6 protein chains.
Amino acid sequence: MSTVSRPDDPESDPRVKAVFDDIRETRGSDFVNELWAYLAFDPELLEQVWRDVKSVMAAPSALDPKTKEMIYIAVSIANSCSYCVHSHTAAARAKGMSDVEHADLLRVVSTAARTNALLNGLQVPIDAPFNKENS
Amino acid sequence: MSTVSRPDDPESDPRVKAVFDDIRETRGSDFVNELWAYLAFDPELLEQVWRDVKSVMAAPSALDPKTKEMIYIAVSIANSCSYCVHSHTAAARAKGMSDVEHADLLRVVSTAARTNALLNGLQVPIDAPFNKENS
Amino acid sequence: MSTVSRPDDPESDPRVKAVFDDIRETRGSDFVNELWAYLAFDPELLEQVWRDVKSVMAAPSALDPKTKEMIYIAVSIANSCSYCVHSHTAAARAKGMSDVEHADLLRVVSTAARTNALLNGLQVPIDAPFNKENS
Amino acid sequence: MSTVSRPDDPESDPRVKAVFDDIRETRGSDFVNELWAYLAFDPELLEQVWRDVKSVMAAPSALDPKTKEMIYIAVSIANSCSYCVHSHTAAARAKGMSDVEHADLLRVVSTAARTNALLNGLQVPIDAPFNKENS
Amino acid sequence: MSTVSRPDDPESDPRVKAVFDDIRETRGSDFVNELWAYLAFDPELLEQVWRDVKSVMAAPSALDPKTKEMIYIAVSIANSCSYCVHSHTAAARAKGMSDVEHADLLRVVSTAARTNALLNGLQVPIDAPFNKENS
Amino acid sequence: MSTVSRPDDPESDPRVKAVFDDIRETRGSDFVNELWAYLAFDPELLEQVWRDVKSVMAAPSALDPKTKEMIYIAVSIANSCSYCVHSHTAAARAKGMSDVEHADLLRVVSTAARTNALLNGLQVPIDAPFNKENS
């Protein structure tokens, strides 16, 4: 049940097909998850989102792919995005996250959420040494 | 400006001093950030929070200390906890996070926030293959 | 699956019926969505919520009805309220939001979420000219 | 530093003065916190917000005033509203919240935030007995 | 549909069985909700979460059990944790929350969310008397 | 007080200067707000963020510039991003938002936040007619 109409045959639109082909090639997999099919309701938005996600998550960068997926999960949990938690947990596992690492991730995320609430409740002034501009 | 009164001399209470000593020993540093001084308004809460944070963040576990701090930052950003973003960015740097890694972290966190909003807006049904119980 | 019991026949209660009649008249439609039937578990709460929503969303005001619904969607996305995203996307369409406007809304909302995360991570001090009191 | 201009002398507007007088009488105090002075930039919005807050927080209802303020704090922490955490912590203390109760509140709020994150990460299906409609 | 595999027979693991036995004894009920069965994918995480939840929610403390559950609901609503809203609404009812109290809780929570948004939009400076350190 | 070091003279880096020049030209103003100076700690991130914000907010699209800024404010309020609320309120005013429209925006945003909380608390099943795929 979605707020937009998923095109019946998204790849009949050449702009959409080009994005889907790039998703398959970039990920080395024939599986294209439903997000992209729904985004095809607006090919321009589809192109923008894939370009951004590809440049951040698929291009080599300072952090390794598994770590980036775990950070993505952490944010998705805090923002309560059910689809994103599912899709990026699957992605993190595909990139090597073990069950023990998953449990550790959940331990860190839930502890952070706990102290976030505590600090938002206490309203403690920020220590001067935390200011990067002092360093 | 806080919602609780910071004790003038927190370590005059032996329960508080024991926690502060353990913080210094665990972190190998004389610096105890202000969170702990404010939490000393209730020594039992102080003990519980330190015990939990220590067991998750200071004990060796599946994820390395720097990665855990970066995940902590990600959650703190999403929950808009200013103090936590500051303290854990400082901690991540102390554990080796470079400026380039910091920028990459911010890139991943902000991209995740973007697609979280997109998916919460689209309400796409979750792909069956994401169900771990199917695997 | 709800946390309250939906009354079997909400309009058998005259206070509830009065609200439902006003909803139908205000919206010019026989369709009353399920929120109101569930809220009927407490007629006073039902009356208060409808009174507030009606005064803000149905009464003429500075912003036009379609814009108000799109702002409502934006907030509901950020708060991850699935029901609200669905109901107000339907309402925005009923008030004239096109698919292209919907895509543009999602583009703005997701970009805002992205820079919100970035700024919450950077903790940049606020520029003095942004202070309305200076103007 | 605000996004609206606080009127220099808010009570020179009779609509504003009427609200301020009612705030003072309802609370039995001469202190009117700054929120209301800033809201006076739009007297209609001021009237609506005060009417709603008064009817929920000042009128006798099923929950006692101190409990209502503590629930208000809990929500304000989760939404990261610094002003609201400050003002409602002050209100809860004025209505009898002790330091020990404040610490217990923070303990419950932060534990809830922790398990909220855990469950949003696990995506556990909801147990049938939780459905109120089954009862 | 979950992100982890629920063990087929969680209590076949003695560490898990010990936690489940303690849940049943602590709650005086044979019903163990599914959260704990899913958490059994990592017995150490299961033990930690139960220990924390038990110490905060089951041990006698300054606030009474029903009030603590209502605060838990408030946080879970703000964090949009569907499972948590369901499970803690059931728990609050089991500890005596009436329908009228439930409606009052929802009234306070939703009013707080409203003014949280208002204040986050206005960015009103915090009144000096709210500073606990001034008192 | 920030988590990154603002370069003393950001425009001494030609990549940064190119972005700043484009910001000034795009906005038709010499004022470049501090976000961009701080982002200059990582020129690549600066380029990406400006490219995305420019393409969404400065390029003509289905929604008019003032409406887009008001939607941006709505999201920033819900995500509690103080800097973003300030900067986009200033931008909305620069694009024509009146005080009366600002008050109406705050009225809609805060009402949405209220019913978001209510629905997240009630967990009402979504009405079938809201499903765009049915239409």
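Values in this document were obtained by computation on a predicted structure and should not be read as measured data. Residue numbering restarts at 1 for every chain, and letters A, B, ... go by the order of the sequence lines.
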Enquirer: Rounded to the nearest 0.5 Å, what's the gap from CD on Glu44(D) to CG on Asp104(F)? Could you check?
Expert: 8.5 Å

Enquirer: Is the shortest side-chain heavy-atom distance between Thr3(D) and His102(F) below 4.5 Å?
Expert: yes

Enquirer: Using side-chain heavy atoms (C-beta onward) and a distance below 4.5 Å, is Asp42(D) in contact with Asp99(F)?
Expert: no

Enquirer: Are more than 12 heavy atoms, taken from residues, nucleotides or ligands other than Asp30(D), located less than 6.0 Å from that residue's CG atom?
Expert: no

Enquirer: Could Asp52(D) and Arg114(F) be called an ion pair, given the rule that one side-chain N must be under 4.0 Å from one carboxylate O?
Expert: no

Enquirer: Say you draw a straight line from NE2 of His86(F) to CE of Met1(D); how long is it, rounded to the nearest 0.5 Å?
Expert: 5.0 Å

Enquirer: Is a side-chain N or O of Ser80(F) found less than 3.5 angstrom from the main chain of Ser80(D), in a donor-acceptor match?
Expert: yes

